[in-house]
J.: 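So that we are looking at the same thing, I have put the structure below in structure tokens.
Within every chain, numbering begins at 1; the chains are lettered A, B, ... in the order of the sequence lines, protein sequences first and strands thereafter.
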Amino acid sequence: MSKQTDDFFKNVISHAKEYGFVFPSSEIYDGLSAVYDYGQLGAELKNNLKAYWWKAMVQLHENIVGIDAAIFMHPTTWKASGHVDGFNDPMIDNKDSKKRYRADQLIEERIATYEADGKIDQAEQLQADLDAALNADDLAGLKSLIETHNIVCPISGTKNWTDVRQFNLMFSTQMGASAEDAETVYLRPETAQGIFVNFLNVQKSGRMKIPFGIAQIGKAFRNEVIARQFIMRMREFEQMEMQFFVRPGTELEWYQQWKETRLKWHLAIGGSSAKYRYHDHVKLAHYANAAVDIEYEFPFGFKEVEGIHSRTDFDLSQHQKYSGKKIQYFDPEISQNYVPYVIETSIGLDRLFLTVLCNAFEEQDLSTAEKQDSRSVLRFHPALAPVKAAVLPLTKKDGLPDKAREILNRLKLDYNVQYDEKDSIGKRYRRQDAIGTPFCITIDYQSLEDDTVTLRHRDSMEQERVATSDLEKIIRNLVDWKNLLVKL
RNA sequence: GCGGAAGUAGCUCAAUUGGUAGAGCGAUAGCCUUCCAAGCUAUAGGUUGCGGGUUCGAGACCCGUCUUCCGCUCCA
């Protein structure tokens with residue numbers, strides 16, 4: 001990261017805090033690592049992003065419906081999905097090389113060495129010890145195996161190891177009021193499983209015919225090994241996922257289609273196409289037969305914002321197996337029962353928020369030969385802006401505030417508006433620029449005579465004289481969701 | 001978790017060798033002002049991240065601890 005982009009990112013972060021978009025969680029207690037709170041404007045922007053996604057997915061597609069599944073799910077869900085076994089690995093660090101390893105893999109390598117040297121007995125004994133330790137979650141036992149078999153770090157060649165620690169992806173908690181009969185449940189690490197376990201409910205109650213999709217917005221929780229870069233990787237985060245169920249054999253066509261549809265959605269809110277790219281997965285996850293990320297060029301490089309995965313019938317088949325319920329669809333066109341294939345679109349809402357913030361933020365130099373001048377501006381698409389308009393009496397005397405309040409009270413029935421009468425008019429414009437308000441309405445003495453006001457535009461800083469009776473119509477035209485949805 | 005750097009007002013930063021914690025911006029109240037910031041007056045805001053130690057005296061020195069940032073390890 002260059003000094004310049006580094007500074008830019010730091011400025012975005014401090015701007016976000018300064019103006020009430022994002023705060024570190026529990027800040028008065030020194031914060032909580034990798035957890036953030038959304039402030040008064042951040043919450044508005046986030047709600048607008050959710051609305052944009054929901055409208056684009058659910059409202060615009062007659063074959064996509066939205067649900068809201070619980071964060072707690074039956075523990076077997078996570079056995080079926082592969083999360084319980086797949087993501088709790090024993091980790092160990094070498095203090096000299098500073099490298100981290102998976103303890104079980106180090107021991108596996110030693111077993112392979114024994115076998116290569118013809119020490120079959122030793123290999124079998126170690127394998128048995130390893131399995132016993134893993135099954136018993138015996139972390140100290142794993143360490144003593146590493147020590148007694150003289151396993152050294154491949155980099156440093158030393159045996160200077162830390163203790164073995166367990167890495168758990170999922171957060172667990174207890175369900176049940178009394179400690180004795182409480183059951184361990186997990187906070188979901190992805191929202192997708194809430195959709196899969198409801199496949200039959202939605203398909204039957206909604207009389208859905210394949211192909212169809214189920215959308216959901218919700219929180220998910222992961223213990224990351226490292227969680228960094230502001231709201232890029234958080235332990236508690238929000239996903240917007242849509243699982244699209246298709247006939248087996250057609251999945252790659254749908255995969256292509258959703259890949260294109262989703263990029264178009266990102267570009268519609270004003271990102272330059274040079275900032276986005278596809279990144280195809282070479283190494284696929286256990287359940288996928290194709291996967292691509294939509295990446296955005298953050299100040300710290302291209303990073304994943306959204307993933308489109310062809311998940312095959314892995315998830316539904318797993319749930320069919322673990323639940324014993326038949327999860328199939330009868331396709332009248334081909335008179336066949338099958339487990340549908342799934343195309344997933346999965347976007348991190350917090351990452352999306354960050355792309356929008358980075359994309360919108362600009363520190364603009366307005367200097368002329370006579371005077372140095374600058375402003376901070378957030379160029380949000382008007383439909384996404386937390387505050388749509390500010391109503392400003394030119395002075396706070398002579399009845400201008402009353403007239404302004406009158407206009408404000410009418411406009412607030414339609415959207416978020418702010419009133420401000422403090423400081424010079426220029427300063428007030430700049431304050432609104434800093435929070436991304438697209439329009440300022442200024443009431444002056446002429447307004448009292450002919451009922452017109454100045455409408456000032458954020459991006460161009462240009463002003464026009466309009467009748468107050470036209471305000472609602474003019475602003476609605478510019479902030480309307482239609483302007484975005486029609487582009488999709 | 002390891003290594004490096006840093007934590008002083010909401011923000012950016014001062015504070016001589018260890019000797020009374022300050023400024024600018026911002027905020028609030030008022031003045032001025034008929035359309036693009038940095039004009040005037042006043043006010044608020046700090047147990048210098050936290051805990052211990054050395055000292056007559058610690059923002060500064062020592063130990064511990066927490067948090068943040070950068071790099072590494074992991075990542076559906």
J.: Looking only at side-chain N and O atoms, does A:Gln193 offer a donor or acceptor that is under 3.5 Å from a partner on A:Thr77?
T.: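 No, no side-chain donor-acceptor contact under 3.5 Å.
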J.: How does protein reach along nucleotides 23-34 of chain B, written 5' to 3' as B (base within reach of a heavy atom under 4.0 Å), S (only sugar-phosphate), or - (no contact)?
T.: ---SS-B----B
J.: Does atom CZ of A:Phe72 have more than 12 heavy-atom neighbours, drawn from other residues, nucleotides or ligands, at distances under 6.0 Å?
T.: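 No, CZ of A:Phe72 has 12 or fewer neighbouring heavy atoms, counting only those of other groups under 6.0 Å.
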J.: Do A:Thr454 and B:C35 share a donor-acceptor pair, side chain to base, under 3.5 Å?
T.: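 It does, because a donor-acceptor pair links the side chain of A:Thr454 to the base of B:C35 below 3.5 Å.
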J.: Identify whether the distance between the nearest side-chain nitrogen and carboxylate oxygen of A:Arg375 and A:Asp433 falls below 4.0 Å.
T.: yes
J.: Can you list everything that forms a ring-ring contact (aromatic ring centres under 6.0 Å, His included) with A:Tyr38? Sequence neighbours excluded, please.
T.: A:Phe353
J.: Indicate the ring-plane relationship of A:Phe171 and A:Phe221, choosing parallel, tilted or perpendicular according to the 30° and 60° boundaries.
T.: perpendicular
J.: Between atom CG in A:Asp365 and atom C1' in B:A37, what is the gap in whole Å?
T.: 13 Å
J.: Can you say whether the rings of A:Phe230 and A:Phe9 are parallel (under 30°), tilted (30 to 60°) or perpendicular (over 60°)?
T.: perpendicular
J.: Nearest-Å distance, NZ (A:Lys10) to C1' (B:C11)?
T.: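 For the pair A:Lys10 NZ and B:C11 C1', the rounded distance is 15 Å.
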J.: In whole Å, what is the span from the CZ atom of A:Phe23 to the C1' atom of B:G10?
T.: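 About 10 Å, once rounded to whole Å.
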J.: Measure CE/A:Met234 against C1'/B:C75 and give the value in whole Å, please.
T.: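 Value for this atom pair: 16 Å.
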J.: Does the B:C75 base have a donor-acceptor partner in the side chain of A:Arg233 within less than 3.5 Å?
T.: yes
J.: Identify the residue among A:Val391, A:Leu392, A:Asp470, A:Ile407 that makes a side-chain contact (heavy atoms from CB on, under 4.5 Å) with A:Val453.
T.: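 Only one of A:Val391, A:Leu392, A:Asp470, A:Ile407 forms a side-chain contact (heavy atoms from CB on, under 4.5 Å) with A:Val453, namely A:Ile407.
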J.: Thinking salt bridges, do A:Asp444 and A:Arg465 make one under a 4.0 Å N-O criterion?
T.: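 Counted as a salt bridge, because a side-chain N and a carboxylate O are separated by less than 4.0 Å.
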J.: Please state how far atom CZ in A:Arg428 lies from atom C1' in B:A38, giving the value in whole angstrom units.
T.: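 Rounded to whole Å, this separation is 16 Å.
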J.: Using Watson-Crick pairs (N1 to N3, plus N6-O4 or O6-N4) and G-U wobble pairs, both distances under 3.5 Å, which stems of at least 3 pairs involve RNA chain B?
T.: B:1-7 with B:66-72, B:10-13 with B:22-25, B:27-31 with B:39-43, B:49-53 with B:61-65
